[in-house]
**Q** 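Have a look at this one before I ask anything.
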There are 2 protein chains.
Amino acid sequence: MTRGDLFDPACPTRQLLDRIGSKWTSMVIKLLAEADPAELRFSELQRRMPGVSQKMLSVTLRALTEDGLVTRRVEGAVPPRVHYGLTGLGRSLEVPLAALREWAEAHMAEIDAAAGRVG
Amino acid sequence: MTRGDLFDPACPTRQLLDRIGSKWTSMVIKLLAEADPAELRFSELQRRMPGVSQKMLSVTLRALTEDGLVTRRVEGAVPPRVHYGLTGLGRSLEVPLAALREWAEAHMAEIDAAAGRVG
DNA sequence: CTGGATCCGCATCGATACTG
DNA sequence: CAGTATCGATGCGGATCCAG
């Protein structure tokens with residue numbers, strides 16, 4: 001085992017999961033990745049995420065923007081229209097994330113069954 | 001809608017991230033996936049995970065076992081020796097998880113830089 | 001329409017002590 | 001050695017109000 005191994009506290013996988021593991025992050029990335037005009041407005045995102053509060057969507061988007069995964073484009077001042085999209089980094093993350101999604105869609109039922117959470 | 005189950009239950013990705021996103025889960029899966037004898041004992045896992053408490057390692061392993069991702073093999077009663085390994089399901093999860101790890105190792109620096117954690 | 005500020009409940013995690 | 005039980009701190013996520 002060499003230094004810089006994945007087991008140290010700075011393990012990048014752990015850090016990544018800390019970010020995309022937050023409650024609404026993966027949903028935002030997925031929606032933005034699948035957006036056909038490549039951008040979605042704040043209210044449009046909120047509409048497609050049942051249950052998300054304005055605060056949490058705002059917090060999630062700000063974190064993703066600061067992490068360089070999401071772009072933020074403001075159009076006009078009043079009423080404000082903010083469009084969000086994925087950066088190149090965000091799109092590259094979408095690739096392994098999509099693989100994880102496919103696995104989840106294919107196997108989560110097995111996990112639920114094993115955990116006895118069916119029904 | 002007042003509680004946490006208000007988002008779409010048809011989003012298995014969220015459910016999966018809720019599980020592998022917990023603090024020590026991904027580390028356990030990685031260690032077990034890379035274990036050469038395919039199994040590791042409790043104390044061996046703890047030794048390779050600096051900072052984990054007995055309780056959290058125990059909780060993490062129990063959750064993974066109940067989810068059908070990890071096998072648990074008890075050898076002897078006193079002293080107890082418990083060996084953990086990955087199930088087939090766990091190994092299949094390791095594939096997309098490894099992809100995510102590779103992305104993390106390749107790009108987390110960019111995220112940190114964008115987030116202003118680097119000069 | 002967007003999103004910041006504040007208060008708060010609750011789950012998660014950690015430290016410690018105890019059992020077999 | 002492996003695992004449980006309890007208590008407490010921390011931080012996330014949610015409701016609400018306020019501002020541009």
Side-chain angles (χ1 to χ4, degrees), chain A residues 9 11 14-28 31-32 39-67 70-85 115 117, chain B residues 1-9 11 14-28 31-32 35 37 39-67 70-85:
Chain A
C11 164
R14 185 86 282 286
Q15 294 177 17
L16 178 63
L17 285 173
D18 273 342
R19 291 159 190 262
I20 69 175
S22 70
K23 189 165 184 177
W24 304 102
T25 306
S26 62
M27 205 175 298
V28 166
L31 285 172
L32 291 181
E39 279 187 335
L40 287 176
R41 288 179 52 191
F42 185 92
S43 55
E44 180 63 22
L45 279 167
Q46 191 174 20
R47 193 173 312 126
R48 300 193 190 190
M49 297 164 64
V52 73
S53 65
Q54 285 187 340
K55 170 196 168 184
M56 287 318 296
L57 181 53
S58 180
V59 167
T60 302
L61 285 169
R62 197 191 326 149
L64 285 170
T65 303
E66 288 174 356
D67 284 347
V70 161
T71 61
R72 185 177 187 272
R73 182 168 63 85
V74 180
E75 175 189 10
V78 57
R81 292 189 178 196
V82 188
H83 301 254
Y84 293 93
R117 293 190 179 87
Chain B
M1 305 171 88
T2 55
R3 288 306 255 278
D5 55 5
L6 29 65
F7 51 84
D8 193 3
C11 180
R14 184 86 281 285
Q15 296 176 19
L16 176 63
L17 286 172
D18 273 341
R19 291 157 191 265
I20 68 175
S22 71
K23 188 164 184 178
W24 304 101
T25 305
S26 62
M27 207 175 297
V28 167
L31 284 172
L32 292 181
E39 279 187 335
L40 288 176
R41 289 179 50 190
F42 186 93
S43 56
E44 180 62 22
L45 278 168
Q46 191 173 20
R47 194 173 311 126
R48 300 194 189 191
M49 296 164 63
V52 73
S53 64
Q54 282 188 341
K55 171 195 168 184
M56 286 319 297
L57 181 54
S58 180
V59 166
T60 301
L61 286 168
R62 197 191 322 148
L64 285 170
T65 303
E66 288 175 356
D67 283 347
V70 160
T71 62
R72 185 177 187 273
R73 183 169 63 86
V74 181
E75 176 189 11
V78 58
R81 293 188 177 198
V82 188
H83 301 256
Y84 292 94

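Lettering of chains follows the sequences in order, A, B, ..., and the numbering in each one begins at 1.
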**Q** B:M56 has a side chain; which of D:dA2, C:dG14, C:dT2 sits nearest to it?
**A** C:dG14
**Q** Taking only the side-chain heavy atoms of B:S43 (C-beta and beyond), determine which of D:dA2, D:dG3, C:dC13 contains the nearest atom.
**A** D:dA2
**Q** Below the 4.0 Å mark, does D:dA2 have OP1 or OP2 next to a side-chain nitrogen or oxygen of B:R62?
**A** no
**Q** It should be established whether B:Y84 places a side-chain nitrogen or oxygen under 4.0 Å from OP1 or OP2 of nucleotide D:dC1.
**A** no
**Q** Apply the side chain to side chain contact (heavy atoms under 4.5 Å, CB included) test between B:V52 and each candidate in B:Q54, B:M49, B:K55; give the one that qualifies.
**A** B:M49
**Q** Between the two ends of the helix from C:dC1-D:dG20 to C:dG20-D:dC1, what is the bend in degrees, rounded to 10 degrees, where each end axis spans five pairs?
**A** 40°
**Q** Whether A:R41 contacts C:dC1 is assessed here as follows: a side-chain N or O lying under 4.0 Å from the phosphate OP1 or OP2. Is that the case?
**A** no
**Q** Taking it one step at a time, do B:L40 and B:R48 satisfy side-chain contact (heavy atoms from CB on, under 4.5 Å)?
**A** CA-CA 10 Å; B:L40 288 176; B:R48 300 194 189 191; 3.9 Å; yes
**Q** Between atom OH of B:Y84 and atom CG of B:L64, what is the distance when rounded to the nearest 0.5 Å?
**A** 10.0 Å
**Q** Nearest-Å distance, CD (B:E75) to C1' (C:dG20)?
**A** 18 Å
**Q** Nearest to the side chain of A:K23, which nucleotide is it out of C:dG3, D:dG14, D:dA2?
**A** D:dG14
**Q** Walk me through it: do A:C11 and A:Q15 pass the test side-chain contact (heavy atoms from CB on, under 4.5 Å)?
**A** CA-CA 6 Å; A:C11 164; A:Q15 294 177 17; over 6 Å; no
**Q** Return the nearest nucleotide to the side chain of B:F42; candidates are D:dA2, C:dT2, C:dC13.
**A** D:dA2
**Q** Figure out the CZ/P separation between A:R73 and C:dC1, and round it to whole Å.
**A** 18 Å
**Q** Taking CH2 from B:W24 and C1' from D:dG3, how many angstroms apart are they, rounded to a whole number?
**A** 18 Å
**Q** Starting from C1' on C:dC13, measure out to CE on B:M27 and report it in whole angstrom.
**A** 14 Å
**Q** Measure the spacing between CH2 of B:W24 and CD of B:Q46 and express it to the nearest 0.5 Å.
**A** 10.0 Å
**Q** Taking CG from B:L57 and P from C:dT12, how many angstroms apart are they, rounded to a whole number?
**A** 17 Å
**Q** Using 0.5 Å steps for rounding, measure from the NE2 atom of A:H83 to the CZ atom of A:R72.
**A** 11.0 Å
**Q** Starting at atom CD of B:Q46, determine the distance to atom P of D:dA2, rounded to an integer number of angstrom.
**A** 9 Å
**Q** Would you say B:R72 reaches D:dG3's phosphate, i.e. side-chain N/O to OP1/OP2 under 4.0 Å?
**A** yes
**Q** Of B:E44 and A:P80, whose nearest nucleotide on DNA chain D comes first from the 5' end?
**A** B:E44
**Q** Let me know, please, whether A:S22 or A:Q54 comes out on the 5' side of the other along DNA chain D by nearest nucleotide.
**A** A:S22
**Q** Want to settle it: does A:V82 or B:K55 sit nearer the 5' end of DNA chain C, counting the closest nucleotide to each?
**A** A:V82
**Q** Under a 4.5 Å cut-off applied to non-hydrogen side-chain atoms, are B:F42 and B:L57 in contact?
**A** yes
**Q** Would you kindly give the CD-to-C1' distance between A:E39 and C:dT2, to the nearest whole Å?
**A** 16 Å
**Q** Roughly how far, to the nearest 0.5 Å, is CE of B:M27 from CG of B:L32?
**A** 12.5 Å
**Q** What is the distance from CE of B:M49 to C1' of D:dA2, rounded to the nearest Å?
**A** 15 Å
**Q** Please determine, for the side chain of A:S58, which listed nucleotide (C:dG4, D:dG20, C:dG14) has the closest atom?
**A** C:dG4
